[in-house]
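Heavy-atom basis, side chains included; hydrogens, waters and symmetry copies ignored. Letters A, B, ... mirror the listed sequences (proteins, then strands); counts begin at 1.
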There are 2 protein chains.
Amino acid sequence: MSLRQFEYALAVAEEGSVTAAAELLHVAQPSVSQQIRGLERELGVELFARTPTGLVPTVVGRAFLREAEVAVSAARRARATARAGAHELVGELVVAVQMGFGTRQLPGALGALRRRFPRLEVTVFEEPSSAELERLGRRGVLDLALMAACEQTPADAHHLGDEEFVVVLGAGHPQLAADRVELRELEGEPWVRFDRDSALDGVLMSVLRDNDLTPATAARVSQTATAVRWAAHGLGVTLVPASAVPQGHEHLVRPVSPVVSQPVIAVVRHGAGPAETALLELLRHETWSESASFSPVS
Amino acid sequence: MSLRQFEYALAVAEEGSVTAAAELLHVAQPSVSQQIRGLERELGVELFARTPTGLVPTVVGRAFLREAEVAVSAARRARATARAGAHELVGELVVAVQMGFGTRQLPGALGALRRRFPRLEVTVFEEPSSAELERLGRRGVLDLALMAACEQTPADAHHLGDEEFVVVLGAGHPQLAADRVELRELEGEPWVRFDRDSALDGVLMSVLRDNDLTPATAARVSQTATAVRWAAHGLGVTLVPASAVPQGHEHLVRPVSPVVSQPVIAVVRHGAGPAETALLELLRHETWSESASFSPVS
DNA sequence: GAGCCGATGAGCCTTCGTCAGTTCGAGTAC
DNA sequence: GTACTCGAACTGACGAAGGCTCATCGGCTC
């Protein structure tokens with residue numbers, strides 16, 4: 001049972017005779033005859049009724065040909081898709097981002113990618129933990145991963161820039177008066193934290209530890225936008241990447257001292273093709289080091 | 001580009017490695033390796049990225065595999081359909097009926113066929129002219145044709161029975177008093193006739209000629225049911241097969257003298273399979289010679 | 001260095017394609 | 001009605017191509 005047999009059977013049905021089908025397919029007549037016979041023998045059914053003037057599909061033959069048509073056209077589509085991929089970029093690029101990193105840069109890069117390769121679809125997964133990210137990468141599901149550097153960063157990772165972290169304070173918080181918040185001044189504040197085992201929570205914990213602060217957990221959330229909103233409502237203070245602050249909350253945000261920043265890396269998978277490389281280049285050209293644009297209301 | 005290559009590629013994508021795929025497919029590892037390479041060479045694209053632990057589909061590879069999956073499953077369905085047809089009857093049986101013949105018997109036979117072979121679909125074409133019917137038959141479109149015998153009836157036609165013709169009179173027509181209408185008594189009546197070149201019109205014309213009647217045409221219609229309805233409304237009289245009289249008009253119908261009847265034949269096409277034969281047998285077992293059940297209201 | 005994975009090359013065998021010739025049925029001329 | 005011709009599909013033999021297997025090599029991981 002091969003595609004060739006299907007195509008021959010369809011041609012015979014279309015033309016109504018083996019001879020005409022053979023001509024259409026640019027092969028000799030016995031070749032078509034043999035293929036049809038072989039197919040019928042393998043299936044154990046008569047697909048065509050032999051008349052003196054040619055071959056006519058039987059009842060089962062027509063039912064078979066309907067499905068065969070689907071198979072053949074799908075095969076043609078598959079080939080066309082692949083061949084198109086040789087020149088243009090087509091397909092689906094799967095990207096994973098560590099929650100909160102590159103939130104500002106990624107849309108720009110993806111927009112540019114889409115403009116350059118309209119037939120390239122992109123799916124983005126947002127994962128909180130770097131462990132899960134690594135697991136997906138190992139399984140080959142991901143084409144490109146965007147994450148904070150950690151101890152086990154592979155050697156072939158591409159350093160894109162640094163993500164500066166900022167605190168979000170509740171409305172009316174006394175520290176909003178300062179241009180830059182001294183972390184030690186936040187002693188005793190309750191914190192809006194992130195999911196256990198998430199990279200963001202890891203950053204927060206190490207920052208608190210480095211500044212001799214005791215972590216009082218007000219709540220745990222999984223998304224940075226939620227953390228910012230809750231902090232704005234006065235539930236506690238939180239620490240998020242600067243690029244992850246949603247619009248409308250800028251006035252509650254302050255850079256911290258000492259500065260907290262994390263190198264952001266991109267990992268493309270083994271045997272990366274032109275699509276991955278293109279996205280990587282676009283990400284490189286985004287602005288990563290941005291002068292903190294948060295300050296007290298003047 | 002063959003189905004085998006598609007299956008191999010899908011297996012590799014599924015298993016994540018050539019070795020595992022080969023095991024799954026019960027072939028040696030180099031075989032799978034070669035097929036994948038051949039496919040990639042033919043398409044001019046890298047479908048899989050080679051990693052130390054196995055093969056992972058690339059961006060275009062995934063787009064290709066999506067279509068390949070469709071092709072392979074359609075091929076499987078095609079095979080399953082055909083194999084099912086070897087034991088059970090599946091598919092679509094195309095039947096053509098000469099307008100007005102077997103109108104009563106066909107539904108019964110088709111119902112029985114459907115009960116015995118639920119997966120066999122039947123399509124019925126109603127054609128007015130025998131020439132068109134023959135043309136369709138010659139082109140191999142039809143599996144079975146039901147028609148009146150004519151001069152050029154082929155030798156392999158199956159005689160099913162005879163279709164008696166009856167007249168339909170307008171309400172209040174004086175001849176309704178008789179059990180059987182003498183055709184000569186209809187001299188001067190306008191007739192509701194049938195489409196030019198239709199078999200029914202041919203029957204009507206030869207009957208009128210045989211009885212020395214002059215045909216006065218009141219109207220021409222293409223369907224027997226319409227002819228009966230128009231005749232019932234007093235537009236004229238008409239002559240239709242007894243089995244074609246729709247319910248509710250029986251009181252306006254009378255057999256004629258001399259008796260008009262046409263042999264009804266079934267023609268199955270060259271190389272008829274079990275489906276055609278089954279329907280033919282069922283048609284044979286329907287009652288064709290029926291004592292005329294039309295009479296004046298008692 | 002052991003072990004796993006994919007790639008490669010040689011040999012065997014199946015399968016496909018072609019050419020020749022045969023069979024069968026339909027249409028036609030006499 | 002018979003014989004002839006033509007066109008259709010089938011059959012068999014042969015050469016070519018491709019698929020499968022075995023043994024082996026090169027790379028990478030642990």
Side-chain angles (χ1 to χ4, degrees), chain A residues 1-9 11-42 46-58 61 134 137-140 152 154-156 269-271, chain B residues 1-9 11-43 46-58 61 134-135 137-140 152-157 267 269-272:
Chain A
M1 207 188 55
S2 72
L3 271 181
R4 170 167 295 115
Q5 292 175 318
F6 283 21
E7 287 168 340
Y8 281 21
V12 168
E14 180 79 20
E15 297 290 319
S17 92
V18 172
T19 310
E23 200 168 328
L24 185 73
L25 297 162
H26 302 111
V27 291
Q29 170 265 321
S31 182
V32 179
S33 208
Q34 284 177 51
Q35 292 292 336
I36 300 291
R37 292 224 146 245
L39 189 58
E40 288 181 326
R41 186 161 35 77
E42 183 183 342
E46 238 197 356
L47 296 176
F48 294 92
R50 273 70 174 175
T51 76
T53 64
L55 269 67
V56 176
T58 62
E134 194 151 341
R138 284 209 174 277
R139 278 180 47 202
Q152 45 194 326
D156 59 345
R269 72 118 176 270
H270 236 94
Chain B
M1 206 189 54
S2 71
L3 271 181
R4 168 166 297 114
Q5 291 175 318
F6 283 21
E7 286 169 340
Y8 282 21
V12 168
E14 179 79 20
E15 296 291 318
S17 93
V18 171
T19 310
E23 201 168 329
L24 184 73
L25 296 162
H26 301 111
V27 291
Q29 169 264 319
S31 183
V32 179
S33 206
Q34 286 179 71
Q35 292 292 337
I36 301 292
R37 292 224 145 243
L39 188 59
E40 288 181 326
R41 185 161 35 78
E42 183 183 343
L43 296 172
E46 238 197 356
L47 296 176
F48 294 92
R50 273 69 174 175
T51 75
T53 64
L55 269 65
V56 178
T58 62
E134 194 153 337
R135 207 178 61 81
R138 283 205 177 280
R139 277 179 48 201
Q152 44 194 330
T153 295
D156 58 344
V267 181
R269 72 117 176 269
H270 237 93

A.B. asks: Base, sugar-phosphate alone, or nothing: which one does A:Ser17 contact when heavy atoms must sit under 4.0 Å apart?
C.D. replies: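 Result for A:Ser17 = sugar-phosphate.
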
A.B. asks: Looking at D:dC20, C:dC16, D:dA9, which one has an atom nearest to any side-chain atom of A:Leu55?
C.D. replies: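 Of all the options, the side chain of A:Leu55 is nearest to D:dA9.
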
A.B. asks: Starting at atom CZ of A:Arg37, determine the distance to atom C1' of D:dA8, rounded to an integer number of angstrom.
C.D. replies: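 That distance rounds to 13 Å.
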
A.B. asks: Considering only heavy atoms and no angle criterion, is a donor-acceptor pair shorter than 3.5 Å present between the side chain of A:Gln34 and the base of C:dC16?
C.D. replies: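 No, the side chain and the base share no sub-3.5 Å donor-acceptor pair.
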
A.B. asks: Take the protein atom CD of A:Gln29 and the nucleotide atom P of C:dC16, then report the distance between them rounded to whole Å.
C.D. replies: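 It works out to 16 Å between those atoms.
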
A.B. asks: Return yes if a side-chain donor-acceptor contact under 3.5 Å exists between A:Ser17 and A:Thr19, otherwise no.
C.D. replies: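 Distance-only check fails for A:Ser17 and A:Thr19.
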
A.B. asks: Evaluate whether atom CD of B:Glu42 has more than 12 neighbouring non-hydrogen atoms of other residues, nucleotides or ligands under 6.0 angstrom away.
C.D. replies: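 Enclosed: over 12 neighbouring heavy atoms sit under 6.0 Å from CD of B:Glu42.
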
A.B. asks: A:Val27 side chain: which of D:dA9, C:dT8, C:dT18 is closest?
C.D. replies: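 Per side-chain heavy atoms of A:Val27, the pick is C:dT18.
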
A.B. asks: Could you check whether any side-chain heavy atom of A:Gln34 comes within less than 4.5 Å of a side-chain heavy atom of A:Val18, counting everything from C-beta outward?
C.D. replies: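 A:Gln34 does not reach A:Val18 side chain to side chain.
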
A.B. asks: Identify which nucleotide among D:dG12, C:dG25, D:dA9 has an atom closest to any side-chain atom of A:Pro52, counting heavy atoms from C-beta outward.
C.D. replies: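 Among the listed nucleotides, the one closest to the side chain of A:Pro52 is C:dG25.
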
A.B. asks: Closest to the A:Ser33 side chain: D:dC20, D:dC10, C:dT18?
C.D. replies: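 My answer, after comparing the listed nucleotides, is D:dC10.
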
A.B. asks: Within the 4.0 Å heavy-atom criterion, would you say B:Tyr8 contacts the bases, only the backbone, or no part of the nucleic acid?
C.D. replies: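 The answer is sugar-phosphate, as B:Tyr8 gets under 4.0 Å only of primed atoms, P, OP1 or OP2.
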
A.B. asks: Determine: side-chain N/O of A:Gln35 to OP1/OP2 of C:dC16, distance under 4.0 Å, yes or no.
C.D. replies: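 So the side chain of A:Gln35 is within the cut-off, an N or O lying under 4.0 Å from OP1 or OP2 of C:dC16.
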
A.B. asks: How do A:Thr53 and B:Pro30 order along DNA chain C: which one's closest nucleotide is nearer the 5' end?
C.D. replies: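 The residue mapped nearer the 5' terminus is B:Pro30.
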
A.B. asks: In chain order, what residues pass the ring-ring contact (aromatic ring centres under 6.0 Å, His included) check against B:Phe6, with sequence neighbours excluded?
C.D. replies: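 ring-ring contact (aromatic ring centres under 6.0 Å, His included) list for B:Phe6, sorted by chain: B:Phe64.
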
A.B. asks: Between atom CD in A:Glu46 and atom P in D:dA9, what is the gap in whole Å?
C.D. replies: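 Computing the A:Glu46:CD to D:dA9:P distance gives 14 Å.
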
A.B. asks: Within this structure, what is the CE-to-P distance between B:Met1 and D:dG18, rounded to whole angstrom?
C.D. replies: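 Nearest whole value for this atom pair: 15 Å.
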
A.B. asks: Could you tell me how far apart B:Arg41 (CZ) and C:dT8 (P) are, to the nearest whole angstrom?
C.D. replies: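 Spelled out: CZ on B:Arg41 to P on C:dT8 is 10 Å.
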
A.B. asks: Taking the side chain of B:Arg50 as its heavy atoms from C-beta onward, which of C:dA7, D:dT21, D:dC10 lies nearest to it?
C.D. replies: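 Per side-chain heavy atoms of B:Arg50, the pick is C:dA7.
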
A.B. asks: Given atom CD of A:Glu7 and atom C1' of C:dC16, what is their separation to the nearest angstrom?
C.D. replies: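 Answer to the nearest Å: 14 Å.
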
A.B. asks: Say whether, by atom type as modelled, one donor and one acceptor occur between the side chain of B:Glu40 and the main chain of B:Leu47 under 3.5 angstrom.
C.D. replies: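 Pair found, side chain donor or acceptor close to backbone of B:Leu47.
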
A.B. asks: Do any side-chain nitrogens or oxygens of B:Arg4 fall under 4.0 Å of OP1 or OP2 in D:dG19?
C.D. replies: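 The answer is no; no side-chain N or O of B:Arg4 sits under 4.0 Å from OP1 or OP2.
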
A.B. asks: Counting heavy atoms from C-beta on, name the nucleotide in C:dG17, D:dT21, C:dC19 closest to the side chain of B:Ala28.
C.D. replies: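 Among the listed nucleotides, the one closest to the side chain of B:Ala28 is D:dT21.
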
A.B. asks: Specify the separation, in whole Å, of atom CD1 of B:Ile36 and atom P of C:dG6.
C.D. replies: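 Atom-to-atom, B:Ile36 to C:dG6, this comes out as 11 Å.
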
A.B. asks: For B:Glu40 and C:dG6, give me the distance from atom CD to atom C1', rounded to whole Å.
C.D. replies: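 To the nearest whole Å, that distance equals 12 Å.
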
